[in-house]
2 protein chains.
Amino acid sequence: MNRKPRFTKQRKLILDELKKVKTHPTAQELYDSIRKVLPNISLGTVYRNLELLCQQGMAKRVEFPEAQRRYDGDVSRHYHIQCVGCGKVDDIYVNETRAIREDELIRFLGIKTNYDVHGQKIDFFGLCPECKSRKNQEKL
Amino acid sequence: MNRKPRFTKQRKLILDELKKVKTHPTAQELYDSIRKVLPNISLGTVYRNLELLCQQGMAKRVEFPEAQRRYDGDVSRHYHIQCVGCGKVDDIYVNETRAIREDELIRFLGIKTNYDVHGQKIDFFGLCPECKSRKNQEKL
DNA sequence: GTATTATTAGTAACAGTTACTATTACTAAT
DNA sequence: ATTAGTAATAGTAACTGTTACTAATAATAC
Ligand SMILES: [Mn+2]
Ligand SMILES: [Mn+2]
Ligand SMILES: [Zn+2]
Ligand SMILES: [Zn+2]
């Protein structure tokens, strides 16, 4: 039934470019650079393929509040820091496994990244009790 | 020079409603409920005042990826968890001061919130080296 | 090579938020 | 109390990032 996804030149170019850069580009930025070699590619194609690559685990979304969505070709476990001045996103690779206190962490990251670290943002996600039981209902 | 901000009935209603609910409403949701008592209020007024209240530290933005902006009348220090099923946002008040390991934390929050906790998202923000020195330049 | 159909380019639609503008209504000074 | 000055408002238009639609194209299996 299900045909394999095709490996079009558009898809290949998008993935290659994303893997190449370290800038966590937006769809628009990728579109602009890929257009230099494939002038007729459309922005929709870039979006569609980026989302597809994310689904397949070959890319990741990098989302900050009030900023447009960015994508990352590096799917290894790492954190991100965004500059409140220019909006760019840099990587933070931490190999510490033990937990550290918040103030220590800020100081540590300041040294590691050369950023003036203002703070962090921690959010959680999951299934609320209602949605949990609704989901269980549906299974029966 | 600078006039005081006026305390209009629109502003008062918005703040009161926001403080009253625990749902982290969107601007649209606040607009809908406030319209029941002030039918002519405009959505723009709700947005403008919410942003103003945030600037003044009387409210906070609650922003999750892929979701519309929400606001919180509770500015005390607490975390948020969003349901991936229905999108609602609940509070997490943690009085633990010591750091805890990630897996412990997830278990702990599961018990505390009754959510099926899928994970967390940690991001950092600050000033990059370039913006830091640009800022210093401007001061001279 | 031919048939099948996933993918594409181009464009329109959409949603959330912000900007604009003429009018209204607080506030403070007279 | 009246007035002058101006912050704030309602209503609406514009904007921005993303998604949806559709006819044409091109990757793959046979
Ligand atoms: Mn990264
Ligand atoms: Mn809250
Ligand atoms: Zn910067
Ligand atoms: Zn839910």
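Below, chains carry the letters A, B, ... as their sequence lines are ordered, and counting in each starts from 1. Owing to the predicted nature of the structure, the values given are computational and were not obtained by experimental measurement.
For residues 121-132 of chain A, the salt bridge (charged side-chain N to carboxylate O under 4.0 Å, His left out) pairs, not counting sequence neighbours, are A:Lys121-A:Asp123, A:Glu130-B:Lys88. A salt bridge (charged side-chain N to carboxylate O under 4.0 Å, His left out) check over residues 106-115 of chain B, counting only residues at least two apart or in different chains, returns nothing.
Comparing D:dG11, D:dT19, C:dG10 against the side chain of B:Ser42 picks out D:dG11 as the nearest.
No option in A:Lys19, A:Lys12, A:Lys20 other than A:Lys12 meets the side-chain hydrogen bond (donor to acceptor under 3.5 Å, both in side chains) test with A:Asp16.
Scanning for side chain to side chain donor-acceptor pair (under 3.5 Å) contacts around B:Asp72 gives B:His24, B:His78, B:His80, with sequence neighbours left out. For B:Thr8, the side chain to side chain contact (heavy atoms under 4.5 Å, CB included) test picks out B:Arg6, B:Gln10, B:Arg11, with sequence neighbours left out. Listed by chain and residue number, A:Lys60 satisfy the side chain to side chain contact (heavy atoms under 4.5 Å, CB included) test with A:Val75 (two or more places apart in sequence, or in another chain). With sequence neighbours excluded, no residue forms a side chain to side chain donor-acceptor pair (under 3.5 Å) with A:Lys22. Under the side chain to side chain donor-acceptor pair (under 3.5 Å) criterion, A:Tyr71 pairs with A:Glu51, A:Arg69, sequence neighbours left out.
Looking at residues 19-38 of chain B, you'll see that no heavy atom sits under 4.0 Å from any atom of DNA chain D. Less than 4.0 Å separates DNA chain C from at least one heavy atom of each of the following residues of residues 45-58 of chain A: A:Thr45, A:Arg48, A:Asn49.
Under the 4.5 Å side-chain heavy-atom criterion for ILVMFWY residues, no single connected hydrophobic cluster contains both B:Val89 and B:Leu109.
D:dT19 atom P lies 12 Å from atom CD of A:Gln68, rounded to whole Å. Atom CD1 of A:Ile14 and atom P of C:dT7 are 12 Å apart (whole Å). Rounded to whole Å, atom C1' of D:dT12 lies 16 Å from atom CD1 of B:Ile41. Atom CZ of A:Arg70 and atom P of D:dT18 are 10 Å apart (whole Å). Rounded to whole Å, the distance from CG on A:Leu43 to P on C:dG10 is 12 Å.
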message: Protein within reach of the bases, or only the backbone? For nucleotides 21-26 of chain C, mark each nucleotide 5' to 3' as B, S or -, using heavy atoms under 4.0 Å.
response: ----BB
- line: A correct dot-bracket answer for DNA chain C, with pairs being Watson-Crick or G-U at under 3.5 Å, [ ] for crossing pairs and | for inter-strand pairs, is ||||||||||||||||||||||||||||||
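No donor-acceptor distance shorter than 3.5 angstrom exists from the side chain of A:Gln56 to the backbone of A:Leu53, with no hydrogens or angles considered. A donor-acceptor contact shorter than 3.5 Å links the side chain of B:Glu29 to the backbone of B:Thr26.
Inter-residue side-chain proximity for A:Phe7 and A:Lys9 is flagged as unmet; no heavy-atom pair is nearer than 4.5 Å.
In this structure, A:Arg69 does not reach the D:dT16 phosphate: none of its side-chain N or O atoms is under 4.0 Å from OP1 or OP2.
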Side chains of residues 34-44 of chain B: which donor-acceptor partners sit under 3.5 Å, not counting sequence neighbours?
residue: B:Arg35; atom: NH1; partner: B:Tyr31; partner atom: OH; Å: 3.3
residue: B:Ser42; atom: OG; partner: B:Thr45; partner atom: N; Å: 3.4
residue: B:Ser42; atom: OG; partner: B:Thr45; partner atom: OG1; Å: 3.2

